[in-house]
Peer 1: 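Dropping a structure here in C-alpha cells format, bear with me for questions.
These figures come from a predicted structure and were not determined experimentally. Order of the sequence lines sets the chain letters (A, B, ...), proteins ahead of strands, with each chain counted from 1.
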Amino acid sequence: MSQEENKKPAKARQADTSERYLAFLLGKEQYAIPLLQVKEVIEMSEPTPIPQSPSYFKGIINLRGQVISVLDLRSKLQLTKIENGPKTAIIILDLEPSLCLGVIVDRINSVLAFHSEDVSPAPDTLSSKDQYLTGVARRDNRMTLILDIRASLSIQDITAVKNNNQKQQAAA
Amino acid sequence: MWKNSSILCASDVFASHQVPTFVTDKFFAPVEAKVSVDDFELEIKNEFLLEAKELLTNTERCFLNLEKSAHDSENLGQLFRLAHNLKGSSGAVGFADLADFTHKLESLLLELKEKRIAVTKGIVDLLLRCNDYLTATIETLSADVAAEYKNPSLLDELVRALTSPPGAENTVMSEGRGGLDGGQSANSPEHAEPAPAITLAPVAPSAPPKSKDENIRVSLSRIEKLLNNVGELSILQAVMVQQSIENGSAISSLMRETMSSMSKIIKETQNISMGLRMLPIKQTFHKMERIVRDTSQALRKEVQLHLSGEETEIDKTVLEQIADPLVHIIRNAVDHGLEDAQGREAAGKDAVGQVYLSAFHRAGHVVIEVRDDGKGLDAEKLVAKAKSKGIIAADAQLEPQQAYQLIFAPGFSTKEVVTDVSGRGVGMDVVRTNIAALQGSVEIETNLGKGTCFRIFLPLTLAIIDCVVIRIATERYVIPLAQVSEFFRPQESDINFVYGRSELLTLREEPLPAFRLSALVGREAPDVPAWGLTALIIRDTAGRAFAVLVDQIVAQQQVVIKPLGNEIRGKAGVMGSAILGDGKPALILDLFELSKAAAGQTSSLKTKMQPKMEAV
C-alpha cells in the first residue's frame with residue numbers, strides 16, 4: 001500500500017524535507033520507523049518457537065508461503081513486558097540486503113510525516129536504549145521516538161543468534 | 001548471474017536444430033557509433049549475451065561430432081551459422097574484438113565446410129578451445145560488460161590454422177589460402193569474405209525452417225513465488241475442507257461439488273508448477289563427452305562413451321550440483337576403471353574401452369549410471385591399500401560391499417602415481433559428499449575383470465521431501481524420512497540405563513544409544529519413562545545406528561522445503577523449514593547433526609560404539 005506510494009517521489013515527498021514514518025506503540029511510548037523499511041503489517045499470529053534462541057527471538061511464521069523470523073521488539077529493547085492483546089501486531093520489515101524480519105509491537109498507530117525541523121537529535125544519555133534512537137519528533141505535545149531499526153535489532157545480535165547456537169552446540 | 005536465476009521452461013530449447021537468430025536490422029549500427037555505455041547499449045549488450053549463451057549451449061557437442069564425422073554438412077552448417085550469428089551481433093552491439101575473433105572462427109569453419117582444410121584432431125582441439133574461450137568470454141562479459149576478454153594467442157593460432165593448418169597434407173589448401181589472406185587484412189565484416197561471399201548466400205536460407213520458438217524464459221524466483229502461492233492455496237483448501245466437514249449440514253451440495261472440483265484443480269496446478277523446475281539431463285550428459293575426450297586423450301586411451309536417457313528430467317538445483325560428481329566418476333572410470341590398450345587385449349577385450357552413461361527414473365528417484373567394461377574393483381587390493389594408508393585398522397574385516405565404499409574415503413587412491421587426471425584421492429571423496437548433500441546415495445556394482453557400475457540415486461527434486469512430522473510436548477518438528485530406517489515402540493524391558501543416566505535401547509538384540517529429541521534440541525525434557533515414547537531408528541551409511549525418542553508421530557507426508565532467513569539459516573541440526581497442513585511452519589531437523597553434538601555428552605557410549613565405527 002503505502003510502499004507503493006513512496007516509490008513515487010513527487011507524491012510521497014511534497015516538501016523535500018519531510019519523510020514518512022510508521023508510528024507504533026511499545027508500552028506507552030510512541031515509536032516510529034521510516035516507512036520505506038516496512039513491507040507490510042499483519043496481525044499477531046503465534047510463531048513456532050525455535051529452540052536455543054534468545055528470549056526476544058519469538059520464532060518463525062508463515063507469511064503466504066514464506067517463512068519469516070519474528071522478534072519481540074519490546075523484549076529486544078528491554079522494555080517492560082506487556083501481554084499480547086488484540087491490538088498486538090507484527091511489522092514485516094524489508095531491510096537491505098534481503099533481510100526480511102517480523103517485529104512484534106503493541107499497537108500500530110498511523111503513518112506520520114515529519115519535516116526535518118520537527119526532529120531533534122536523540123537525548124545524549126548513556127542508557128543503552130537510547131543508542132537505537134536517531135531522533136525525537138514532537139508534534140501536538142506528543143513525543144515520538146524515531147528508531148534506528150537496524151541498530152535496535154543489530155545485525156550483530158541477529159548473527160549472534162547463530163553464533164550463540166554454535167557455541168551452545170560446541171559446549172554441549 | 002542469470003545462470004543461477006533463470007531456467008528454461010521447456011526442454012526442447014536445446015534441441016540441436018533450433019538455432020534462433022537474434023540479429024535484427026535495427027541493431028546493426030556501425031561499431032564506430034559506440035558512445036558511452038548508456039542504458040540502451042547496456043540493454044542490447046545484455047540481450048546479446050543472453051542469446052549468445054543460449055547459442056553456445058550446444059556447440060561443444062557439434063565440435064565433438066566433427067571429430068566423429070568430419071564431413072557431416074549439417075553439423076558444419078550449424079556451426080558456421082553459429083559463428084556467423086555471433087560475429088554479426090557481437091559487432092552490432094559493440095564487442096568489436098569478439099566480432100573479430102568470431103570472424104576468424106567463421107572463416108576457418110567455412111574452409112572446413114568447403115573441405116579446403118581437413119578436419120584433424122589438431123583442428124578440433126583448436127575449435128574446442130575457441131568454444132571454451134567464447135563460453136568463458138560470454139560468462140565474463142555477463143558479469144561485467146566492460147571486462148577485458150582478449151586472447152591474442154588464440155587468435156594467432158586461428159590465423160595460423162587458416163594459413164597453414166596443422167598436419168595439413170591437403171591438396172586444396174592452397175586455393176583456400178588465397179581467398180583468406182584478404183580476409184585477414186581487412187577487419188570490417190563487410191570486406192571480410194571476398195571469396196566465400198558466393199558460398200555464404202546459400203548457407204543462411206538452407207537453415208532448417210525455424211519452428212516458432214515456443215519457449216519463454218522465466219526467472220527461478222518467479223517460479224518460486226508461484227510455488228509459494230500454489231502451496232498456500234492448497235493449505236487454505238485443506239482448511240476449507242476441514243470446515244466443511246465440521247459444519248456438514250450447513251453446506252449446500254453445490255458448494256460441496258465446487259470444493260471437490262477445486263481441490264482437483266489445485267492438486268493439478270501444484271503438479272504442473274512443480275514440473276516447471278524440471279530440466280532434461282541432456283546438457284550435463286553432453287558435457288561428459290568432452291570430459292571423456294580430454295581425459296582419454298591425456299591418458300592415451302581409446303574410449304567410446306554411450307549416452308542414454310538424456311531426456312530424463314531432473315530438478316534444476318539437483319542438475320546443477322550433479323555435474324561435478326559426475327565428472328569425477330567419469331574420469332575415474334576412464335583412468336582407473338578402463339585398462340590401457342595392451343591390458344585390454346591381454347584380457348581378451350576390444351582395444352576401445354566402453355563407458356555407458358545413462359539416466360532413468362525408478363521409484364521416485366532419478367538414477368544415473370556410469371558403467372565401464374574395465375577391470376573392476378578388487379576388494380582385497382582395496383582393503384590392503386586402505387590398511388597401508390591407515391584408513392582402516394590393520395585387523396579390520398570388511399565385506400566386499402564395504403571394501404568398495406573405501407574408494408570414497410578421503411585420501412584414498414588406488415593409483416600408484418599421481419597424474420594430471422586423477423590419483424590424488426580427493427575426487428571420489430567429493431563425489432560422496434556432494435551426492436549426500438543432494439540427499440542421494442551411490443551404489444557400486446563391480447565384477448572383477450568385467451567392469452564397474454556406479455549407480456547414483458537422486459531425489460526427483462530438492463524442493464519436496466518425504467518426511468515424518470513428530471511432536472515433543474507442544475512442538476512439532478519435521479524429520480526427513482530418508483534419515484529414519486524404522487519406527488519402534490519400546491517396551492520397558494527394551495530400555496537399559498548406562499551409569500544411571502544415558503539410555504540404551506535394545507532392538508533385536510542390538511544395543512542402540514537412545515537420545516531424547518527434547519534434549520537434542522535443548523528443550524526441558526519432561527521426566528517420563530522412555531517406554532511410553534516412540535523411537536525413530538536412525539542408521540547412517542557407515543552402519544552407525546542410534547535411536548531418537550519422541551512423544552508422538554503426528555503424520556507422514558510430503559513437505560515443501562522453505563529456506564529460513566539468514567538470521568537462523570546456519571543453525572546446526574536445522575535443514576530448513578516446512579509449512580504444515582494447518583499453515584504453521586515447523587523446523588526440519590537433521591538428526592545426524594543433532595546426535596553428533598549430543599555424542600560428546602555420552603562419552604561412555606562413544607567408547608562402546610568405537611569398534612563399530614572403526615570397522616567402517
Side-chain angles (χ1 to χ4, degrees), chain A residues 39 42-73 76 90 92-103 149-150 152-172, chain B residues 221 224-236 472-478 515 517-524 559-574 576-589 593-602:
Chain A
K39 193 176 166 213
I42 59 169
E43 67 178 27
M44 181 66 191
S45 69
E46 206 46 58
T48 302
I50 303 288
Q52 295 171 341
S53 50
S55 61
Y56 63 83
F57 197 97
K58 286 299 165 195
I60 49 177
I61 55 161
N62 167 21
L63 181 72
R64 295 189 302 281
Q66 196 187 352
V67 175
I68 288 175
S69 304
V70 175
L71 287 77
D72 188 338
L73 199 51
K76 183 72 189 70
I90 300 175
I92 307 292
L93 300 169
D94 195 3
L95 302 173
E96 293 295 314
S98 69
L99 186 60
C100 199
L101 284 173
V103 292
I149 195 76
R150 291 187 70 91
S152 63
L153 299 174
S154 51
I155 307 304
Q156 305 97 287
D157 274 25
I158 288 167
T159 41
V161 175
K162 208 158 92 180
N163 297 340
N164 193 20
N165 275 307
Q166 278 160 358
K167 248 180 260 159
Q168 279 190 20
Q169 296 272 348
Chain B
S221 69
E224 229 117 69
K225 258 182 208 155
L226 176 73
L227 285 175
N228 274 349
N229 281 324
V230 173
E232 199 66 2
L233 207 58
S234 60
I235 289 167
L236 290 178
I472 47 169
T474 55
E475 295 174 359
R476 289 174 303 173
Y477 293 93
V478 175
F515 303 107
L517 185 60
S518 45
L520 290 183
V521 299
R523 287 292 191 222
E524 204 60 46
V559 296
V560 177
I561 301 177
K562 301 279 177 180
L564 288 163
N566 283 328
E567 62 283 358
I568 41 175
R569 186 168 291 163
K571 222 167 133 61
V574 176
S577 61
I579 293 167
L580 302 180
D582 60 356
K584 291 272 182 196
L587 292 182
I588 305 175
L589 299 179
E593 281 273 328
L594 285 174
S595 74
K596 260 184 230 157
Q601 293 173 325
T602 49

Peer 1: Nearest 0.5 Å, what's the OG-CD1 distance between B:S577 and A:I68?
Peer 2: 10.5 Å

Peer 1: Quick one: closest heavy-atom pair of A:E46 and B:K584, and the distance?
Peer 2: O-NZ, 3.0 Å

Peer 1: How long is the gap from CZ on A:R64 to CD1 on B:I579, to the nearest 0.5 Å?
Peer 2: 11.5 Å

Peer 1: Applying the side-chain contact (heavy atoms from CB on, under 4.5 Å) criterion to B:L587, which one of A:T48, A:V67, A:I50 satisfies it?
Peer 2: A:I50

Peer 1: Counting heavy-atom pairs under 4.5 Å with chain A, which one of B:A578, B:P585, B:G576, B:G522 comes out on top?
Peer 2: B:P585

Peer 1: Quick one: which of A:C100, A:P47, A:P49 has the most heavy-atom pairs under 4.5 Å with chain B, could you say?
Peer 2: A:P49

Peer 1: Can you check whether A:Q66's main-chain N or O pairs, donor with acceptor, with B:N228's side chain at less than 3.5 Å?
Peer 2: no

